[in-house]
Amino acid sequence: MKSEQQQKGATKTVKKVKVNKKAPVRLWVKAVFTGFRRSKVQQNENQALLKIQHVDDVSSSRFYWGKRVAYIYKAHSLKNNTKFRTIWGRISRSHGSNGIVIARFNRNLPPRAIGSTLRVFLYPNRV
């Protein structure tokens with residue numbers, strides 16, 4: 001008897017949950033490791049030159065001074081239950097007038113990283 005009353009008069013409203021089909025928000029900007037800072041006869045391996053995406057002048061590169069940079073690469077053996085490793089660095093200053101920046105890393109970047117993509121994280125925030 002009770003089940004008949006529930007079926008006759010009960011209309012349940014089911015609330016639909018919206019599913020976000022967009023990609024998650026990225027908190028980093030792509031950069032390309034173009035090479036080491038150098039002169040005609042020598043190069044400084046402790047100073048890496050990076051070209052940050054959509055940065056074309058010194059004034060826009062100034063925002064990225066002090067930001068953290070990560071070079072992520074894949075190794076053959078597992079360490080800490082993952083094959084991915086990172087070398088962390090920090091952007092120190094601009095280089096030239098076209099938006100290239102100088103970054104210093106905890107361990108110098110390997111030469112095989114030239115031309116690869118790095119992540120410039122948007123922290124620490126100085127605003």
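Everything numeric here is computed off the predicted structure, so don't read it as measured data.
- Within the 4.5 Å cutoff, the side chain of Tyr64 has heavy atoms near those of the Val29 side chain.
- For the atom pair NE2 of His95 and OG1 of Thr34, the computed distance is 8.0 Å after rounding to the nearest 0.5 Å.
- Residues Val55 and Val101 form no side-chain contact, since every pair of their non-hydrogen atoms from C-beta on lies 4.5 Å or further apart.
- No more than 12 heavy atoms of other residues, nucleotides or ligands shown are found within 6.0 angstrom of CZ on Arg107.
- More than 12 heavy atoms of other residues, nucleotides or ligands sit less than 6.0 Å from atom CG of Asn125.
- Remark: the backbone N or O of Trp88 is not paired with any side-chain donor or acceptor of Thr86 at under 3.5 angstrom.
- Between Ser61 and Gly99, the closest heavy-atom pair is CB-O, 4.1 Å.
- Proximity of a side-chain donor or acceptor of Lys67 to a complementary backbone N or O of Trp28 within less than 3.5 Å is not detected.
- The closest donor-acceptor contact from the side chain of Arg104 to the backbone of Arg90 lies at 3.5 Å or more, if one exists at all.
- Through ILVMFWY side-chain contacts below 4.5 Å, Val32 is grouped with nothing and stands alone.
- Between the side chain of Lys74 and the backbone N or O of Arg85, no donor-acceptor pair lies under 3.5 Å.
- The pair Arg62-Asp57 does not meet the salt-bridge criterion, since no charged nitrogen lies less than 4.0 angstrom from a carboxylate oxygen.
- Here the side chains of Leu109 and Leu118 are in contact, with some heavy-atom distance below 4.5 Å.
- Atom-to-atom distance recorded for Lys51:NZ and Lys30:NZ is 15.0 Å, nearest 0.5 angstrom.
- By the 30° and 60° cut-offs, the orientation of the rings of Phe33 relative to Phe36 is perpendicular.
- Here the closest non-hydrogen pair linking Val58 and Ser97 is CG2-CA, 3.7 Å.
- With hydrophobic clusters built from ILVMFWY side chains whose heavy atoms lie under 4.5 angstrom apart, Leu50 shares a cluster with Ile114.
- The CD atom of Gln47 lies 12.0 Å from the CZ atom of Phe105; values are rounded to the nearest 0.5 Å.
- In this structure the side chain of Pro110 reaches within 4.5 angstrom of the side chain of Ile87, judged on heavy atoms.
- Here CG of Asn108 is found 13.0 Å from OH of Tyr71. Values are rounded to the nearest 0.5 Å.
- When all heavy atoms of Pro124 and Gly66 are compared, the pair lying nearest together is CD-O, 3.4 Å.
- Residues Leu49 and Ile102 are in side-chain contact: their nearest non-hydrogen atoms beyond the backbone lie under 4.5 Å apart.
- For the pair Val120 and Ala31, the tightest heavy-atom approach, listed with the atom from each and the gap, is CG2-CB, 3.7 Å.
- Residues Lys83 and Leu78 have side chains in contact (heavy-atom distance under 4.5 Å, counting atoms from C-beta outward).
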